[in-house]
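Have a look at the structure below before the remarks.
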Amino acid sequence: MGELAHHHPQELQLHIPDNQEAKEGNSFEPTSIIADSQATITSKPKNSWWWIRVALYSLFVLSGQSVGTLLGTLYYKKGGNSKWLAALVQHGGFPILLLLYFIPTPKQPCDPNNPHIQTNPQAQSQAQSQAPSLKSLAFVYLSLGTIVAINGYLYSVGLLYLPVSTYSLICSSQLAFNALFSFFLNAQKFTPWIINSLVLLIISSTLLVFQSNSEDPKGVSAGKYALGFVCTILASASYGLLLSLDQICFRRIIRKETLGAVLNMIVYPSLVASVIFVVGLFGSGEWEHLGREIEEYELGKVSYVMNLAGMAIAWQVFTMGTVGLVLDASSLFSDSISVVGLPIVPIFAVMFFGDKMDGVKVMAMILAIWGFVSYVYQYYLDGARLKAQRASVGGDGN
Ligand SMILES: Nc1ncnc2[nH]cnc12
């Protein structure tokens, strides 16, 4: 598969010794001609191409998550019942991404005045010799794939037994779990703007619990409700862990900022997870009921297939956005965007399922946007500080 140049391939040539990386936390990022001990998020300068990518990935997360969750709810509401199938559909659509390996991405022109771009052939060959071994890549993808599988199955159980509002509420705890893992595993720094953003996002999604329960699954026993609750909490924790591990793997093992690296980080774990789901589907005997399920689906057979195909595409779009944001920004930023998206689901439910619009939903949305802006403002501050530092050492401030 072609490792197409996606970001700034030349920047990757700059080696930062491990002990320095550990100190700077988020700092595989090839920074460091300018020592930037104060940058809170990343010490890499952000150009307009970076902002465009981040905006695009954020759009992928928001749209993929909303459509995927709504179609997942529709599947269960209209007669779908297979947790293994729902999980498989969520991750098994990865072959669609294979086409992206062939997209030519713009190569950054080599700017000899840019101190962040390393053109020294010796440094380039040093970077090549740091390429991860096949064994470590296999270990990374197998481990991440197993976590993806556990996570996908737990989410499937949660969505089956919980009302979508309660489900979304519990899902927002993934941000708290991710903040915890990011602190310990990624040495994430917490500034007042970031803390403000996290608090607002958590309050915003907490408001979702006050929604009407018109969408509750019917006839769920207290035991199954409790099971749905516990599974969703565990899913949120494992998702927070997954994103933090993605970040570590990118920065310590993969050490490449290419579209190919993003795709590999999705395709191989998804392949592992899909194999586990297929084994689960057959091992659990759920596959035996699929024939009847498709016959009895309330919207008809064609809609059944379209529903599952739509879910598969939506979740791939979401995953592309999520993993892209982990590489370009951080796992915490990526997770924040998906929590910003949680109040969007009830708003769409107003449009598509005829749910009632109320003040709580609007309030949740406003708080989510405020939280998001607060986080992005931190990026702006870091960028401005870096520009000033670069200008003071004679860089072009780009
Ligand atoms: N590495 C990964 N991180 C998050 N979600 C994924 N889905 C498939 N692979 C993934």
Side-chain angles (χ1 to χ4, degrees), residues 1 6 28 57-58 60-65 67-69 72 84 86-98 100-101 132 136-156 158-159 171 174-175 177-178 181-182 185-186 234-278 280 311-339 341:
M1 308 275 177
H6 174 46
F28 154 64
Y57 285 144
S58 302
F60 286 177
V61 170
L62 297 176
S63 56
Q65 177 174 258
V67 175
T69 308
W84 285 107
L88 176 60
V89 167
Q90 210 177 61
H91 296 282
F94 67 88
I96 330 170
L97 297 184
L98 298 181
L100 300 184
Y101 278 106
S136 50
L137 284 180
F139 175 75
V140 162
Y141 295 139
L142 274 172
S143 317
L144 293 179
T146 307
I147 299 176
V148 168
I150 294 170
N151 171 261
Y153 184 73
L154 291 170
Y155 271 137
S156 263
L159 193 58
C171 283
Q174 74 191 38
L175 190 59
F177 284 117
N178 186 246
F181 289 124
S182 290
L185 300 179
N186 310 126
L234 292 176
S236 301
S238 61
Y239 190 71
L241 175 65
L242 177 66
L243 291 191
S244 285
L245 291 178
D246 278 348
Q247 184 172 331
I248 291 190
C249 292
F250 271 134
R251 295 182 185 184
R252 300 284 162 109
I253 299 170
I254 311 280
R255 291 174 160 266
K256 265 188 214 152
E257 289 191 53
T258 60
L259 177 59
V262 173
L263 293 173
N264 289 344
M265 197 63 138
I266 300 171
V267 167
Y268 293 115
S270 296
L271 177 65
V272 172
S274 299
V275 170
I276 296 174
F277 293 141
V278 170
M311 274 167 74
I313 295 170
W315 285 117
Q316 288 311 308
V317 170
F318 167 79
T319 309
M320 187 72 208
T322 309
V323 176
L325 284 178
V326 171
L327 180 61
D328 263 336
S330 69
S331 68
L332 194 62
F333 184 80
S334 177
D335 215 5
S336 298
I337 297 290
S338 65
V339 171

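First listed ligand is number 1; within each ligand, the first listed atom is number 1.
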closest protein heavy atom to atom 7 (N) of ligand 1 is T319 CG2, 3.4 Å
In this structure, atom 8 (C) of ligand 1 is nearest to the protein heavy atom S270 OG, 3.2 Å
Assess the side chains of Q174 and S338: does a donor N or O sit below 3.5 Å from an acceptor N or O?
yes
- Looking only at distance, does D246 have an N or O less than 3.5 Å from an N or O of ligand 1? yes
Before signing off on this row, confirm whether M265 and ligand 1 have an N or O atom pair separated by under 3.5 Å. yes
Side chain to side chain contact (heavy atoms under 4.5 Å, CB included) filter on I96, not counting sequence neighbours, yields I313, Q316
The side chain to side chain contact (heavy atoms under 4.5 Å, CB included) partners of L137 (sequence neighbours excluded) come to P132, Y141, I254
State, with a plain yes or no, whether a side-chain heavy atom of [X] is found less than 4.5 Å away from one of [Y].
X: L62; Y: Y57; value: no
X: V148; Y: Q90; value: no
X: T322; Y: D335; value: no

Near I266 (heavy-atom distance under 4.0 Å), the atoms of ligand 1 are 8 (C), 9 (N)
Per-atom filter on ligand 1: closer than 4.0 angstrom to a heavy atom of V323 are 2 (C), 3 (N), 4 (C)
Filtering V272, L242, L245, N264 for the heavy atom nearest atom 5 (N) of ligand 1 leaves L242
